[in-house]
Amino acid sequence: MVKIKSAEEIELMRESALIVSKTLGMLASEIKPGVNALYLDKLAETFIRDHGASPGFLGMYDFPNTLNMSPNAQVVHGIPNGEPLKDGDIISVDCGALKNGFYGDHAYTFEVGEVAPEVKQLLKVTKESLYIGIREFKVGNRVGDVGFAIQNYCESHGYGVVRELVGHGLGKKLHESPEMPNYGKRGRGKKFVEGMTVAIEPMINMGTKNIKQLKDGWTILTADGKPSAHFEHNVAIVNGKPELLSTFQYIYDALGIVSDEELEFRQAKLQS
Ligand code: MG
Ligand code: MG
């Protein structure tokens, strides 16, 4: 059952989401060749606790760490290890935080040093598809409208859209109803209503959509060994329209990136 949130609950969710956003912003300055994921994981755990929250993933389904860190061909759910990041790597960092009983859960794929142009393009298109999907998350639309928009855009670039893993409702539980696939048919699935809160999170592969899982029981990687990207935001429907609860702005501030991609999803907030 979909759990509709009140305006007060949405504000609490924003607080949790922004702790994750700030954590990712802090990590953005630390991610470089030679640094390892386990070190970054410890930084994130300390940062989250210093902000009065608990790591949302640590211990969840027995996951051993604060961050899911998935380099290169890993799609999601990578377990941080001591291997140094290399120039030209990409690494998807997925982070959760729990505060006031509500979860934040969002993700960004970072470049490590100088990344190949075709990999940069994968990241660009995947992030664009996230906003294209978010635009469809509004009153009157349905789950399939978001999935269709993401799938259509990514496949038009020749990329593979992962089927086995999906976005989700978000709130007092990390995974609430409905499931939010990154593929689908227009006009199909559950109808969106005011006060819904979800995590939209395209997982897009440069090559095949097919995946496999490592024997660790967690790590998902592409079947063909080509890179994969993952971007995730937390979004609420406010005044009928999508409103971002999370932001990449802290990352952009750390990396000196100028972007207006989130502007249209802040309008609801500015007007109220
Ligand atoms: Mg996530
Ligand atoms: Mg998620």
Side-chain angles (χ1 to χ4, degrees), residues 2-3 5 13-14 16-28 37 40-41 44-45 47-48 53-71 74-80 90-99 102-110 123 126-127 129-131 133-134 137 143 146-147 150 161-184 196-205 211 213 218-221 228-236 242 244-248 250-251:
V2 173
K3 295 249 189 305
K5 275 66 170 195
M13 289 193 62
R14 189 193 311 279
S16 301
L18 288 179
I19 289 170
V20 178
S21 303
K22 288 172 190 169
T23 306
L24 294 175
M26 177 277 294
L27 292 171
L40 298 167
D41 185 75
E45 179 174 355
F47 188 91
I48 289 168
S54 354
F57 300 162
L58 184 65
M60 169 81 63
Y61 315 115
D62 291 329
F63 189 77
N65 292 89
T66 293
L67 302 175
N68 290 180
M69 301 200 83
S70 314
Q74 294 188 9
V75 179
V76 287
H77 300 169
I79 299 175
I90 53 171
I91 186 156
S92 299
V93 181
D94 197 348
C95 179
L98 176 64
K99 188 173 183 179
F102 287 95
Y103 281 95
D105 166 24
H106 86 115
Y108 193 90
T109 301
F110 293 91
L123 302 189
T126 303
K127 184 146 66 68
S129 81
L130 168 61
Y131 292 105
I134 289 171
F137 180 57
V143 165
V146 172
I150 293 170
V161 178
V162 173
R163 299 299 200 273
E164 292 86 345
L165 299 138
V166 298
H168 49 92
L170 181 73
K172 287 186 175 173
K173 289 189 176 157
L174 181 60
H175 297 124
E176 296 187 351
S177 185
E179 289 195 341
M180 297 286 292
N182 300 302
Y183 56 91
M196 273 180 84
T197 49
V198 298
I200 298 178
E201 48 178 315
M203 290 156 256
I204 306 301
N205 300 344
I211 56 165
Q213 188 169 34
W218 280 104
T219 312
I220 303 291
L221 63 171
S228 182
H230 179 213
F231 291 88
E232 177 177 21
H233 266 315
N234 300 152
V235 198
L244 280 181
L245 302 178
S246 53
T247 178
F248 293 145
Y250 297 103
I251 296 172

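Each ligand, and each atom within it, is numbered from 1 in the order the structure gives. Because the structure is a prediction, the values reported are computed rather than measured. Residue numbers run from 1 in the order of the sequence given.
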Aromatic plane relationship, Phe63 with Trp218 - under 30° parallel, 30 to 60° tilted, over 60° perpendicular: perpendicular
Exam field: side chain Ser16 to backbone Lys99, donor-acceptor pair closer than 3.5 Å: yes
Atom name in Asp105, limited to N/O/S, at shortest distance from the Mg ion (ligand 2): OD2
Under 3.5 Å: donor-acceptor pair, side chain of Asp41, backbone of Leu67: yes
Which N, O or S atom of His168 lies nearest to the Mg ion (ligand 2), by name: NE2
Worked verdict on His230 versus Asn68 for side-chain hydrogen bond (donor to acceptor under 3.5 Å, both in side chains): CA-CA 11 Å; His230 179 213; Asn68 290 180; over 6 Å; no
Geometry at the Mg ion (ligand 2) - Glu232 OE2 versus Glu201 OE2 angle, rounded to 10 degrees: 90°
